[in-house]
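Taking it in order: structure first as structure tokens, then the write-up.
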Number of protein chains: 2
Amino acid sequence: METEQSSYLPVSQEQKALPKNDSYKNVPDKKIIRELGLKVTQQRLLILDIVRNGPNHFTAQEIYEVVTEKNPDVGFATVYRFLKKLSEQHFVTEVRMGGMPARYEWAAKKHHDHLTCTRCGSIVEFENQKIEDLQEQIADRHGFRLTHHILELYGLCGECQNQ
Amino acid sequence: METEQSSYLPVSQEQKALPKNDSYKNVPDKKIIRELGLKVTQQRLLILDIVRNGPNHFTAQEIYEVVTEKNPDVGFATVYRFLKKLSEQHFVTEVRMGGMPARYEWAAKKHHDHLTCTRCGSIVEFENQKIEDLQEQIADRHGFRLTHHILELYGLCGECQNQ
DNA sequence: GATGGTATTGAAAATCATTATTAATAGTAA
DNA sequence: TTACTATTAATAATGATTTTCAATACCATC
């Protein structure tokens, strides 16, 4: 059990932990953008709509592609900038693995973690309250106040185990 | 609970799960390199020595710097290439967060997870057998055979909670 | 111990996701 | 509507990681 100082500090500022449920389900996009302390723009409305109602486990690139189908004039950087804001405030969860582009998902809904097959890439979402509780206990024990976590299980799915 | 197909497939090949203990502690570097199916070279011996006995939670860059102190002729790419091999076979664990360079650590020792302060960057290592067991149960329930996992808790440490 | 085939290497260039820059534009408070 | 400022699109820049390729080092076999 050791504590050390890292030279690369994570770049998150606000540490408000979002509720781990779907209490944001009926909150309009505009309100969420204002809650982020940002101005409501057409671009952000469009991006947020797709983030909330589009495909799950998306990359910035994928969002960009869907966005430009509806409005070809939206830029790359705008998508990245807004996704970053959303993930800083934990409205979306960011997961990076290997050297792949980061994947995001709308987090202000029922919380869950992932079980990923490293062979075929299939993803199973699961939730386990016991693990959540244990995590809180561990944090308490070390004087931490949790804001979020990443739990990703990797292995072979049933199919891939039989080649 | 949904299953989906991802277009970006993880690039790991062998799926042998390493034992979650320090059973490799007394295995010589040479043997480990051969176990990876690689030739034993001076560069790999040097890198592996530092990975096993040097600082914990290191970046590729940090390893490179220590390596070149002892042998200035070792290249960047060699460090990256070898780290990748090691992490593909789960001899080192790779964790990426935010846009920061990936951090690695020697994994073939007692297993543990991390509790990280997002403000000051301090890291606490912990182990929790109950969580490990629950993870196995979850995998079983979905027909998966686990090879590894990432559990990273983020929050504010006691000090940072008081500004 | 020498030899030859092949994996490995260093150096530099290439890649690719992400971020910064900047002049132009759009949101919004008054 | 006006005026102020945040936001934007386009593009260049960044920075970590990977690839390329000719030169070299391993190591099984002689």
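Residue numbers begin at 1 in each chain, while the letters A, B, ... track the order of the sequences. Predicted, not measured: the structure shown is a model, and the values here were computed from it.
A search for side-chain contact (heavy atoms from CB on, under 4.5 Å) contacts involving A:Arg52 returns A:Asp29, A:Ile32, A:Leu48, A:Trp106, not counting sequence neighbours. Here B:Tyr154 pairs with A:His148 under the ring pair (Phe, Tyr, Trp, His ring centres under 6.0 Å) rule; sequence neighbours left out. Residues forming a side-chain hydrogen bond (donor to acceptor under 3.5 Å, both in side chains) with A:Glu152 (at least two apart in sequence, or on another chain): A:His114. A:Gln161 meets the side-chain contact (heavy atoms from CB on, under 4.5 Å) test with A:Leu156, B:Arg145; sequence neighbours excluded. Under the side-chain hydrogen bond (donor to acceptor under 3.5 Å, both in side chains) criterion, B:Asp49 pairs with B:Asn53, sequence neighbours left out.
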Tabulate atom names and distances for all N/O pairs under 3.5 angstrom spanning the protein and nucleotides 20-25 of chain D.
from   : atom 1 : to      : atom 2 : distance (Å)
D:dT20 : O4     : B:Arg81 : NH1    : 3.4

Identify all pairs in which a protein N or O lies below 3.5 Å from an N or O of nucleotides 14-16 of chain C, and state each distance.
none

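A:Leu46 has its CG atom 10 Å from the P atom of D:dA9, to the nearest Å. D:dT17 atom P lies 8 Å from atom CD of B:Glu94, rounded to whole Å. The distance from atom CD of A:Glu62 to atom P of C:dT18 is 11 Å, rounded to the nearest whole Å. When rounded to the nearest whole Å, the span between CZ of A:Arg34 and P of D:dA6 equals 17 Å.
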Under 3.5 Å, which donor-acceptor pairs do the side chains of residues 68-80 of chain A form with other protein atoms, sequence neighbours left out?
from    : atom 1 : to      : atom 2 : distance (Å)
A:Thr68 : OG1    : A:Tyr64 : O      : 2.9
A:Thr68 : OG1    : A:Glu65 : O      : 3.0
A:Asn71 : OD1    : A:Asp73 : N      : 3.0
A:Thr78 : OG1    : A:Arg81 : NH2    : 3.2

Review item, side-chain donor-acceptor pairs of residues 36-46 of chain A, under 3.5 Å, at least two apart:
from    : atom 1 : to      : atom 2 : distance (Å)
A:Thr41 : OG1    : A:Arg44 : N      : 3.1
A:Arg44 : NH1    : A:Lys39 : O      : 2.9

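Comparing D:dC27, C:dT8, D:dT7 by their closest approach to the side chain of B:Arg44 singles out C:dT8.
Among the atoms of the strands shown, only primed sugar atoms or phosphate atoms (P, OP1, OP2) are found under 4.0 Å from some heavy atom of A:Arg96.
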